[in-house]
Amino acid sequence: MRLPTGAELWPIAIFTVIFLILVDLMHRRQRWTTRYPPGPMPWPVLGNLLHIDFQNMPAGFQKLRSRYGDLFSLQLASESVVVLNGLMALREALLKHSEDTADRPPLHFNDQLGFGPRSQGIVLARYGPAWRQQRRFSVSTMRHFGLGKKSLEQWVTEEARCLCAAFADHTGRPFSPNTLLDKAVCNVIASLLYACRFEYDDPHFIRLLGLLKETLKEEAGFLPMFLNVFPMLLRIPGLVGKVFPGKRAFVTMLDKLLTEHKTTWDPTQPPRDLTDAFLAEVEKAKGNPESSFNDENLRTVVGDLFSAGMVTTSTTLSWALLLMILHPDVQRRVQQEIDEVIGQVQCPEMADQARMPYTNAVIHEVQRFADILPLGVPHKTSRDIELQGFLIPKGTTLITNLSSALKDETVWERPLCFHPEHFLDAQGHFVKHEAFMPFSAGRRSCLGEPLARMELFLFFTCLLQRFSISVPDGQLQPSDHGVFGALTTPCPYQLCALPR
Ligand code: HEM
């Protein structure tokens, strides 16, 4: 076949440019309606991709908010995005229009990593029967069944003991707590999924943790977003493996763990854990093509629970310890409450929480101040909706700026400071706040919230019951001004844990 040359190429080039402009205009047409939220002018083809500060999206969005208001729009290539800011807009979208905003936008690169119509997992599942089935299954498994012989609380308490023992091994020497916190929290998920815990020095465990963190890193930044808005690039042979090697290896590792688990599964016995319960559902669903219970989805659900439940909780705990170092007066008051309510001998239990308003307020304030998932997880509209007077068409991606509620100046007395009194009334009783939404709200809100709360309370109180936490002299300057507030993870730090 002869390739076109010279003058013959011009009409093709002109046609291509006209075609791209028409496609671009088609994507922009909704911007021309007067009731669509304002936003920066998009460039042809790329849209606003170059307007986004990928190093610090929350700060970049804050600037756009002050220019365009609580609802502003962005165009990411062909994807229409609206960013929601402020308590009112978030509540209206997530609670009033809960159903119409409960869909998720696709993450195309996952299609080559085990995600598919029958294996959508939970976190990124489209709003529909498969998501509903898996969400219901995970929530009820976590809530109701005692996970074999032990309740989830017993697993967490036992893990808190192991964590304290690991802290004690470092007595007198400064160390970074992050890896130990990751291991403890990961073991809680492992107990839920596999009714087992790993020793902290088990090489398989260390690899699993490493891969988990790598997968999260690989999803962030410009390149994954670019590939997601131009999914045809994902067809380039070998590209996905190059850009997401950690994700590939993580999927392989999950498969291995699940295969091992299946060899010890006895369907005639009560389920030991979530995986056993899932396998029983797979058996029941055989021959039902509509069911989301199948082997591929088991891997996606397990991967979702590991990745959604691990780094979130351990990062919050890391913040909690750092904030206790920066605020020794708060640390002392928590320890005083622990001594009064639990004492030095008994292990903390969830039942103690109701009698510990100060500790409860401190944990809430840690979550508010740390603001670890400032932009939540994107949603998508499944119907045209009206929000704060604007019209948002069906199929628009919504970014929920949770940070804007957690740091809302009209709600919190000292939004940028660590101030546990935000959650206490004049009598020292614990008070809730609508604007406290680190777990988001509505239909897609975090399903692991009860487990996360349990871990935060039990790990935090166990550690402070046994240790006083400080930093080696002069290594960290106490500050009450949210120096780390803009970051989702605290700056790397080392601490000393002295037995009390
Ligand atoms: C401090 C700890 C945690 C925080 C701050 C947190 C926060 C969040 C947030 C903001 C979302 C997105 C909600 C939305 O789309 O509107 C989410 C979703 C989710 N979280 Fe968590 N999470 C935590 C711990 C956990 C744990 C321990 C688990 C499970 C073991 C978990 C499982 C999930 C799942 C499965 C989803 C997706 C829910 C859905 O799409 O229906 N999270 N989480």
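Ligands are counted one by one from 1 in listed order, and the atoms in each one are counted from 1 as well. All figures in this text were calculated on a predicted structure; none of them were measured in a lab. Heavy atoms only: backbone and side chains are in, while hydrogens, waters and symmetry mates are out.
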**Item:** Lys/Arg N to Asp/Glu carboxylate O, Arg333 vs Glu337, below 4.0 Å
**Value:**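 No, this pair does not count.
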
**Message:** Please report the interatomic distance CD(Glu159) to CD1(Ile189), rounded to the nearest 0.5 Å.
**Reply:**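 Those atoms lie 11.0 Å apart.
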
**Prompt:** Looking at CG of Leu181 and NZ of Lys183, how far apart are the two atoms once the value is rounded to the nearest 0.5 Å?
**Reply:**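 Here the interatomic distance stands at 11.0 Å.
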
Can you find an N/O atom of [X] closer than 3.5 Å to an N/O atom of ligand 1?
{"X": "Arg444", "value": "yes"}
{"X": "Arg135", "value": "yes"}
{"X": "Gln367", "value": "no"}
{"X": "Ser445", "value": "no"}

With heavy-atom distances below 4.0 Å as the criterion, list the atoms of ligand 1 near [X].
{"X": "Ser440", "answer": "13 (C), 14 (C), 16 (O)"}
{"X": "Ala452", "answer": "2 (C), 24 (C)"}
{"X": "His379", "answer": "14 (C), 15 (O), 16 (O)"}
{"X": "Thr316", "answer": "1 (C)"}
{"X": "Leu373", "answer": "7 (C), 8 (C), 9 (C), 10 (C)"}

**Prompt:** What do you reckon, is CD of Glu283 surrounded by more than 12 foreign heavy atoms closer than 6.0 Å?
**Reply:**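 Yes.
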
Identity and separation of the nearest protein heavy atom to [atom]:
{"atom": "atom 27 (C) of ligand 1", "answer": "Gly309 CA, 3.5 Å"}
{"atom": "atom 24 (C) of ligand 1", "answer": "Thr312 OG1, 3.4 Å"}
{"atom": "atom 32 (C) of ligand 1", "answer": "Ala308 CB, 3.5 Å"}
{"atom": "atom 43 (N) of ligand 1", "answer": "Cys446 CB, 3.1 Å"}

**Request:** Would you please test Glu365 and Arg368 for salt bridge (Lys or Arg N to Asp or Glu O under 4.0 Å) and show each step?
**Result:** CA-CA 5 Å; Glu365 181 64 358; Arg368 187 200 68 79; 2.9 Å; yes

**Request:** Give a yes/no verdict on whether any heavy atom in Thr313 is under 4.0 Å from an atom of ligand 1.
**Result:**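 Yes, Thr313 has a heavy atom closer than 4.0 Å to ligand 1.
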
